[in-house]
Amino acid sequence: MALRQAARRGATVALRLNHLPSLALPASTRHLSPLPIVSSPSSFSTIPTAAASPQFPPPTLPNLSPPATAAVAVAPSRGVLAASRLVASGRGFAAAAGSTETKVITIATPTEFKTLVNDPSRLVVVDFTAQWCGPCRSIAPLLDEISRTQDTVAIAKVDIDDGALAEVVNSARISSVPTFRFYKGGKLLSQFSGADALKLKDTIALLQK
């Protein structure tokens with residue numbers, strides 16, 4: 001009796017299992033191949049590798065060099081240097097400006113000074129000056145004009161910083177610049193200090209009478 005009941009229960013269980021629905025894979029996954037099984041280190045070579053990462057060109061950096069048309073500083077020409085020296089020294093203002101060349105005489109030696117001031121034929125105006133003197137430069141154009149327009153007047157310059165003229169400067173007892181001294185025939189007729197253009201003109205006019 002017990003054996004029959006057990007047989008019946010087994011048949012019932014088998015019948016129920018036969019009626020269970022089958023577990024099928026979705027259609028989208030049926031084409032996938034199973035992953036390979038790694039059994040040894042040498043089998044790593046059979047594992048598919050990922051695709052190489054895409055290669056991008058290096059970024060283009062901006063050109064920081066100056067353009068070909070950029071202005072480049074250059075050294076001044078000889079003409080510019082010569083003009084700057086004339087202006088700095090208070091000489092050659094007319095020549096530097098492109099007008100008539102100056103006739104102002106630059107004294108270089110004590111002998112030249114003595115020869116010039118001993119001239120009896122004309123009034124000699126000696127300007128004791130210095131390259132660093134601003135008032136000396138300001139009155140220089142007037143001296144150039146007088147030297148070109150008045151034939152009976154000679155304009156000369158003595159640089160007080162010129163060691164070769166130390167004897168002339170000391171004998172004249174120059175204490176400030178500009179200092180103007182007026183000579184004729186070796187005699188000192190007048191003198192004054194300061195860049196006074198009106199006084200310079202009046203003194204020349206008075207001494208020529």
Would you check, one step at a time, whether the test side-chain contact (heavy atoms from CB on, under 4.5 Å) holds for Val158 with Thr129? CA-CA 6 Å; Val158 172; Thr129 183; over 6 Å; no
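- Across all their heavy atoms, Ala130 and Val177 have their closest contact at CB-CG2, 4.5 Å.
- Screening Val168, Asp159, Leu165 for a side chain to side chain contact (heavy atoms under 4.5 Å, CB included) with Phe128, the sole residue that qualifies is Val168.
- If you check the side chains of Thr179 and Ser193, you find a donor sitting under 3.5 Å from an acceptor.
- Across Val169 and Ile160, no two heavy atoms sit closer than the pair CG2-CA, 3.8 Å.
- Between the side chain of Arg181 and the backbone N or O of Val124 there is no donor-acceptor pair closer than 3.5 Å.
- Counting heavy atoms from C-beta outward, Ile204 and Val125 have side chains that approach closer than 4.5 Å.
- Remark: the backbone N or O of Leu200 is not paired with any side-chain donor or acceptor of Thr203 at under 3.5 angstrom.
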Can you check side-chain contact (heavy atoms from CB on, under 4.5 Å) on Ser190 and Leu207, steps first, answer last? CA-CA 9 Å; Ser190 181; Leu207 294 177; 4.2 Å; yes
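- No continuous path of hydrophobic side-chain contacts links Leu188 to Leu206 [ILVMFWY only; heavy atoms under 4.5 Å].
- If you take NZ on Lys114 and CD1 on Ile107, they are separated by 12.5 Å, rounding to the nearest 0.5 Å.
- Residue Phe182 comes nearest to Leu123 through the heavy atom pair CB-CD1, 4.3 Å, listed as atom of the first residue, atom of the second, then distance.
- Between Asn118 and Gly186, the shortest heavy-atom contact is OD1-CA, 3.0 Å.
- Heavy-atom minimum distance, Leu116 versus Ala156: CD2-CB, 3.4 Å.
- Note: the hydrophobic cluster containing Ile155 also contains Phe192 (ILVMFWY, side chain heavy atoms under 4.5 Å, direct or indirect links).
- Without hydrogens or angle criteria, Glu145 side chain to Pro141 main chain gives no donor-acceptor distance under 3.5 Å.
- In this structure, the side chains of Val117 and Lys184 stay at 4.5 Å or more apart for every pair of heavy atoms.
- By the 30° and 60° cut-offs, the orientation of the rings of Tyr183 relative to Phe113 is perpendicular.
- Other residues, nucleotides and ligands contribute over 12 non-hydrogen atoms within 6.0 Å of the CD atom of Gln208.
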Under the salt bridge (charged side-chain N to carboxylate O under 4.0 Å, His left out) criterion, do Arg122 and Asp119 qualify, and how do the steps go? CA-CA 7 Å; Arg122 55 183 178 173; Asp119 186 355; 3.1 Å; yes
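- In terms of heavy-atom proximity, Leu143 sits nearest to Lys157 at CD1-NZ, 3.6 Å.
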